[in-house]
Amino acid sequence: GARGQEQVLRGLGQLGLPINPLIRPCASIDEVEATYQGLLSQRHDLPYEIDGLVIKVDELDMQQRLGATARAPRWAVAWKFPAMQATTVIKAVEFQVGRTGAITPVAHLRPVDVNGVQVRRATLHNGDEIRRKDLRLGDTVLVQRAGDVIPEVVKVVAELRTGKEAAIVFPCHCPEC
């Protein structure tokens, strides 16, 4: 039987199942770092999007001994790439009512390309987040695409303010009813 996860995966590949050709065994943390940097530099050339890599203990018996928490194995860890970012302008803010009744502000942005994707909207999370980041209508902002489906506003580019920016006013009543 296989002693390690790499052997299992290679065996599955020999049986005709698709496995990722980017799997790399690493003997040291320096090799892990080199693999991370290599993937980071070639991520735009891949035929699919990746947001990082997963580092795993290879030996199956060691995986068994390390076990797992309620949420994840102790023998694997995700090493995420930095999020893709770009600057754009907040044109408007829409307040969406979720199924639980929570109101989520969503910024409508001047369209901007972030790593090949046209970003037109970004979540502003909640009123506290708007106040904490001092976001205003008309602000030039830094947006990022991380693991989220809806991009987020990272921060205001305050030095580009003209004085014409307007406060974002959270609704006092439910915008749906």
Side-chain angles (χ1 to χ4, degrees), residues 18-23 32-33 35-56 68-177:
I19 64 166
N20 192 306
L22 299 175
I23 294 167
V32 171
E33 171 72 28
T35 300
Y36 174 87
Q37 293 302 331
L39 279 174
L40 180 58
S41 68
Q42 66 176 269
R43 73 190 281 199
H44 304 298
D45 302 326
L46 297 173
Y48 49 88
E49 283 194 43
I50 61 171
D51 65 352
L53 59 103
V54 178
I55 303 160
K56 300 177 181 180
T69 66
R71 301 189 71 183
R74 288 192 179 99
W75 49 267
V77 64
W79 196 355
K80 300 288 189 181
F81 295 141
M84 297 294 169
Q85 299 181 331
T87 56
T88 187
V89 175
I90 298 177
K91 304 295 254 176
V93 175
E94 170 188 3
F95 295 92
Q96 296 180 341
V97 180
R99 62 178 178 75
T100 63
I103 297 174
T104 302
V106 177
H108 290 261
L109 308 168
R110 183 178 66 212
V112 63
D113 183 281
V114 183
N115 190 33
V117 174
Q118 279 288 307
V119 172
R120 299 170 190 279
R121 296 161 27 107
T123 181
L124 300 180
H125 300 293
N126 54 46
D128 289 340
E129 187 82 347
I130 291 170
R131 284 186 291 280
R132 190 177 66 74
K133 291 180 179 173
D134 188 27
L135 299 173
R136 303 174 194 173
L137 292 172
D139 265 336
T140 298
V141 292
L142 185 66
V143 292
Q144 76 178 15
R145 279 183 63 223
D148 299 326
V149 175
I150 298 178
E152 68 175 337
V153 171
V154 179
K155 66 174 188 166
V156 172
V157 184
E159 54 271 21
L160 294 180
R161 280 194 169 148
T162 65
K164 294 181 180 174
E165 296 78 13
I168 297 170
V169 181
F170 222 83
C172 296
H173 303 286
C174 174
E176 292 290 316
C177 55

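Considering every non-hydrogen atom in both V114 and Q85, the closest pair reads CG1-N, 4.1 Å. Shortest non-hydrogen contact noted between K91 and R110 is CG-N, 3.6 Å. Nearest heavy atoms, P73 versus A68: CA-CB, 3.7 Å. Here the shortest heavy-atom pairing between A167 and L137 reads O-CD1, 4.1 Å. Annotation for V97 and I103: closest pair CG2-CG1, 4.3 Å, computed over non-hydrogen atoms.
Using a 4.5 Å cut-off on side-chain heavy atoms (C-beta onward), E49 and R145 make contact. Counting only heavy atoms from C-beta outward, the side chains of H125 and R132 never approach each other to under 4.5 Å. Looking at I90 and L109, their side chains come closer than 4.5 Å, going by heavy atoms from C-beta outward. In this structure, I168 and F95 have side chains that are in contact, with non-hydrogen atoms separated by less than 4.5 Å. Counting heavy atoms from C-beta outward, Y48 and N20 have side chains that approach closer than 4.5 Å. Residues L46 and L22 are in side-chain contact: their nearest non-hydrogen atoms beyond the backbone lie under 4.5 Å apart. With a 4.5 Å cut-off on side-chain heavy atoms, V112 and T87 do not count as touching. Residues I130 and P105 are in side-chain contact: their nearest non-hydrogen atoms beyond the backbone lie under 4.5 Å apart.
Taking CG of N126 as the start and CZ of R131 as the end, the distance is 8.0 Å to the nearest 0.5 Å. Taking CG of D113 as the start and CD of Q118 as the end, the distance is 5.5 Å to the nearest 0.5 Å. To the nearest 0.5 Å, the span separating CG on L124 from CG on L135 amounts to 6.0 Å. For the atom pair CD of E152 and CG of L142, the computed distance is 10.0 Å after rounding to the nearest 0.5 Å. Separating the NZ atom in K80 from the CG atom in L40 is a distance of 13.5 Å, to the nearest 0.5 Å. Atom CZ of residue R136 and atom CZ of residue R161 lie 3.5 Å apart, to the nearest 0.5 angstrom.
With hydrogens and angles disregarded, no donor-acceptor distance shorter than 3.5 Å links the side chain of E129 to the backbone of G127. Remark: side-chain polar atoms of Y36 are not paired, donor with acceptor, to backbone N or O of G52 under 3.5 angstrom.
Salt-bridge formation is not detected for the pair K133/D139: no Lys NZ or Arg NE/NH1/NH2 atom is positioned less than 4.0 Å from an Asp or Glu carboxylate oxygen.
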| said: Pair M84, V119 - check side chain to side chain contact (heavy atoms under 4.5 Å, CB included), show working. | reply: CA-CA 11 Å; M84 297 294 169; V119 172; over 6 Å; no
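Applying the salt bridge (Lys or Arg N to Asp or Glu O under 4.0 Å) criterion to R120, with sequence neighbours excluded, gives no partner residue.
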